[in-house]
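Report on one structure; see the data block that follows.
Nothing here was measured: the structure is a model prediction, and the numbers come from that model.
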Amino acid sequence: PIQASPPGGIWSGIGVAEQANGTFFDPSLAIPGVVNVIYTINDVCSQSVVEQFQVLPRPSITVSQDGVICLGDSFIISGTSDEAFEWPSDQFSIVDPQASSFEVSPLETSTFTLTSTNEIGCSNSDSIVVVVNPLPVLELDDDLSLCGDVVEQIQVSGAEDYLWLPSVGLSESDVSSPLVSIVTGK
């Protein structure tokens with residue numbers, strides 16, 4: 001907490017934050033540079049004292065946008081800073097925590113945080129979230145036995161989009177229930 005004597009006055013100014021356990025100066029509420037904070041006592045003779053705080057700049061950070069992948073796929077994350085920076089290598093087995101970009105293949109939705117600290121100890125961080133969608137569980141109808149010039153419908157479920165391969169003999173290759181035709185030579 002910031003304190004002054006005699007007690008009972010009021011602190012004001014950019015960066016002043018009242019909390020349950022006292023009044024604090026929060027530099028994240030101010031802009032870099034010299035910030036004036038005023039302490040005012042209102043008794044018989046009102047008086048004020050100006051306290052100056054030097055707010056130092058935090059490193060700037062730029063990170064790539066969040067991404068969405070399917071389980072088993074990979075995603076490139078990247079970030080830069082005007083100061084030294086580091087990715088959390090212990091959490092995600094990152095080979096070079098100072099690399100500006102690298103490929104990740106998380107098994108579940110994960111957050112990757114880039115932290116930068118300048119020579120005077122000011123730090124900044126930003127995060128990238130990679131959402132991992134599970135693979136669909138496909139359910140296919142029973143096997144078919146086709147003889148002669150017959151048309152049957154086959155059915156699969158469990159996904160939003162479908163692609164049947166090979167597509168020879170199918171009415172459509174991108175639907176869940178194409179017609180299958182077997183044409184025999186005469």
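- Remark: S125 OG to L114 CG distance equals 8.0 Å, nearest 0.5 Å.
- Panel note: side chain N124, backbone R58; no donor-acceptor pair is recorded below 3.5 Å.
- In terms of heavy atoms, C122 sits closest to L56 at SG-CB, 3.8 Å.
- Counting non-hydrogen atoms of other residues, nucleotides and ligands closer than 6.0 Å to CG of L163 gives a total above 12.
- Under the rule for a side chain to side chain donor-acceptor pair (under 3.5 Å), the partners of S81 that lie at least two apart in sequence or sit in another chain are S116.
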Atom pairs and distances, side-chain donor-acceptor, residues 164-180, under 3.5 Å, sequence neighbours left out:
unit_1, atom_1, unit_2, atom_2, d
W164, NE1, V175, O, 2.8
S171, OG, L179, N, 2.8
S177, OG, Q153, NE2, 3.4

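- Scanning all heavy atoms of the two residues, the minimum distance from S181 to V151 falls at CB-CG2, 3.8 Å.
- The hydrophobic cluster containing I2 does not contain F24, counting ILVMFWY residues as joined when their side-chain heavy atoms lie under 4.5 angstrom apart, directly or transitively.
- Atom CD1 of I31 is surrounded by 12 or fewer heavy atoms from other residues, nucleotides or ligands within 6.0 Å.
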Chi angles and distances behind the side chain to side chain contact (heavy atoms under 4.5 Å, CB included) call for I128, W87:
CA-CA 11 Å; I128 301 167; W87 298 94; 3.9 Å; yes

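- Between the side chain of S64 and the backbone N or O of S78, at least one donor-acceptor pair lies under 3.5 Å.
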Under the side chain to side chain contact (heavy atoms under 4.5 Å, CB included) rule, what do F102 and I77 come out as? Steps first, then yes or no, please.
CA-CA 6 Å; F102 53 92; I77 63 174; 3.4 Å; yes

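- Aromatic ring pairs are classed by plane angle as parallel below 30°, tilted from 30° to 60° and perpendicular above 60°; the pair W11 and Y39 is tilted.
- Residues F85 and I61 form no side-chain contact, since every pair of their non-hydrogen atoms from C-beta on lies 4.5 Å or further apart.
- Connection of L107 to V130 is established within a shared hydrophobic cluster, with ILVMFWY side chains joined at heavy-atom distances below 4.5 Å, either directly or through further cluster members.
- In this structure S5 satisfies the side chain to side chain donor-acceptor pair (under 3.5 Å) test with no other residue, sequence neighbours excluded.
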Please report, to 0.1 Å, the donor-acceptor pairs under 3.5 Å made by any side chain of residues 68-76, with sequence neighbours excluded.
unit_1, atom_1, unit_2, atom_2, d
S74, OG, E103, OE2, 2.7

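- Shortest non-hydrogen contact noted between Q54 and V34 is OE1-CG2, 3.2 Å.
- Scanning both residues, T113 and S127, for their nearest heavy atoms gives OG1-OG, 2.8 Å.
- Scanning for side chain to side chain donor-acceptor pair (under 3.5 Å) contacts around E86 gives Q98, with sequence neighbours left out.
- Counting all heavy atoms, side chain and backbone alike, T40 lies closest to S46 at CG2-OG, 4.2 Å.
- Here the OG-CD1 distance, from S48 to I10, works out to 10.0 Å after rounding to the nearest 0.5 Å.
- With a 4.5 Å cut-off on side-chain heavy atoms, Q47 and V49 do not count as touching.
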List the atom pairs, donor and acceptor, that lie under 3.5 Å between side-chain atoms in residues 16-23 and the rest of the protein, sequence neighbours left out.
unit_1, atom_1, unit_2, atom_2, d
E18, OE1, T23, OG1, 2.9
E18, OE2, T23, OG1, 2.9

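- Side-chain atoms of P6 and I41, non-hydrogen and from C-beta on, do get closer than 4.5 Å to each other.
- Residues V129 and T109 are in side-chain contact: their nearest non-hydrogen atoms beyond the backbone lie under 4.5 Å apart.
- Other residues, nucleotides and ligands place no more than 12 heavy atoms under 6.0 Å from the CD atom of Q65.
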Using the side chain to side chain contact (heavy atoms under 4.5 Å, CB included) rule, take V55 and F25 through it: C-alpha gap first, then chi angles, then the decisive distance, then the call.
CA-CA 10 Å; V55 178; F25 178 74; 3.8 Å; yes

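- Across every non-hydrogen atom of F53 and E51, the tightest pair is CE1-CG, 3.7 Å.
- Taken together through direct or relayed side-chain contacts under 4.5 Å among Ile, Leu, Val, Met, Phe, Trp and Tyr, L135 and V132 form part of one hydrophobic cluster.
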